[in-house]
> 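Structure provided below as structure tokens; questions to follow.
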Amino acid sequence: MRYLNEEMKARKLPELMRFASGKPVSSVADWELRREEIRQILCKYEYGFVPDLPVDMSWEVKKKAEVFGAKAEQSDVEITLRSGDRAFTYPVQIFVPTERVRAASPRTVDGKLPVFLYIGFNNEHSRWVAEELIDNGYLLAYINYQEVAPDKEDGFEGGVSAFFPREQGKEDPGKIALWADAASRALDYVLTLPQADPDRIAVIGHSRLGKTALFCGAMDDRIGLTIANDSGAGGVAVHRGKEGEHVSDLTKNFPFWFCGNFAEYANREGELPFDQHFVISLIAPRRLYVANAQEDLWADPCSEIIACKAASPVYELYGEEGLSLKPGRSIYKKQEELAEWGDSTIQIGRAYHEGHIGYHVRRGTHSLCREDWQLIMEYRDKTNS
Ligand code: GCU
């Protein structure tokens, strides 16, 4: 059995609640300053800075169609970013339940619906998700990450990368930052829709896109709930002491996901001036949902739990609980244990939905499956997020 609270101490994570100057953070006002320091550190050493250009944004609805047996209207929208003589256009698909579905849904409040901003891999696969979410009364905005910037080493010539002038420096944004920023620009559009509830916006992604959703939620305060599914290294899992994928794997196989500085820390995790609990801390006190799979040892569920616990003091500063291990509903008849935290046993297939960080680890391998979506919807209902 693993004792994660003991492991957390042994991993010697950098302190969240202390300024770079050494001064302790003791109030919300202090934290807001420290938060800015943390944001700079993460952009500088891990994800890169997305240039702050004077960007003009416009959108055009290219096509509208009734889908899923008249349960929803799908709009294919193109978002165009312009700056000087540069322009870049990418698509976002919007699915809005029809009036009949909205009227019947308990999730409709004053005519407004909770939103899923879904950063996905595959347009075909996203359709079953879309229908499931429509049946449950959500508004879905879907972007395909490869249509924003190709997921490959392309010298930052492809997609939105070419739109941003690059300094050719080690702080230039990696693809995760670019995908996340494009999701935020899609959210600018979504918030113009009369049915979108600005108080119930969730961003979601799986795996590399779980990392992307996490960073998006960390950078965009309009997002009330960030959902990172199987996000692992470069996502929710702390790098120090992590099993499975390490910084050296990320920077060898996917250097273009991150900024150049990150590669300096391959095999030197202990020297990183941050760890992934810093990313979570930027989301606090807004909600985060972390989902894992038992067999996803490459992502390392235990290192994600440690990160959530390490970020929880920021929630506490706001009078909220971060990750609560009070056991909720179980989705399996027979329980299996994953690890211990103090007196609590963390079980596979159990919903941990009491805190501002919601959590579950289900059986099986790396994927964002229906069981995950159902538990996530359950958490949204419980927390009105
Ligand atoms: C690889 C990578 C992971 C990533 C995953 C995915 O396995 O090592 O970091 O999460 O791909 O995106 O599917």
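Numbering of ligands and ligand atoms starts at 1, following listing order.
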> Quick one: do the Ser184 and Asp220 side chains pair a donor with an acceptor below 3.5 Å?
yes

> How about His353 and Tyr289: does a side-chain donor come under 3.5 Å of a side-chain acceptor?
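A donor-acceptor contact under 3.5 Å links the two side chains.
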
> So which pairs with a foot in residues 249-262 pass side-chain hydrogen bond (donor to acceptor under 3.5 Å, both in side chains), sequence neighbours left out?
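Only Asp151-Trp257 qualify under side-chain hydrogen bond (donor to acceptor under 3.5 Å, both in side chains).
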
> Should Glu340 and Arg2 count as an ion pair when the cut-off is N to O under 4.0 Å?
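A salt bridge is absent here (no side-chain N lies under 4.0 Å from a carboxylate O).
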
> Which pairs count as salt bridge (charged side-chain N to carboxylate O under 4.0 Å, His left out) when at least one residue sits in residues 103-118, sequence neighbours excluded?
Arg107-Asp381

> Side-chain heavy atoms under 4.5 Å apart, restricted to Ile/Leu/Val/Met/Phe/Trp/Tyr: what other residues fall into the cluster of Tyr3, or is it alone?
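Once heavy-atom contacts under 4.5 Å are chained together, Tyr3 belongs with Met1.
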
> Would you mind writing out a table of all protein N or O atoms found under 3.5 Å from any N or O atom of ligand 1, naming both atoms and giving the distance to 0.1 Å?
residue, atom, partner, partner atom, Å
ligand 1, 7 (O), Trp298, NE1, 3.3
ligand 1, 8 (O), Glu245, OE1, 3.2
ligand 1, 8 (O), Glu245, OE2, 2.5
ligand 1, 8 (O), Trp298, NE1, 2.8
ligand 1, 9 (O), Lys211, NZ, 2.8
ligand 1, 9 (O), Glu245, OE1, 2.5
ligand 1, 9 (O), Glu245, OE2, 3.4
ligand 1, 10 (O), Ser207, OG, 2.7
ligand 1, 10 (O), Arg208, N, 3.4
ligand 1, 10 (O), Lys211, NZ, 3.1
ligand 1, 11 (O), Arg208, NH2, 3.0
ligand 1, 12 (O), Ser207, OG, 2.8
ligand 1, 12 (O), Arg208, N, 2.8
ligand 1, 12 (O), Arg208, NE, 2.5
ligand 1, 12 (O), Arg208, NH2, 3.3
ligand 1, 13 (O), Ser207, OG, 2.8

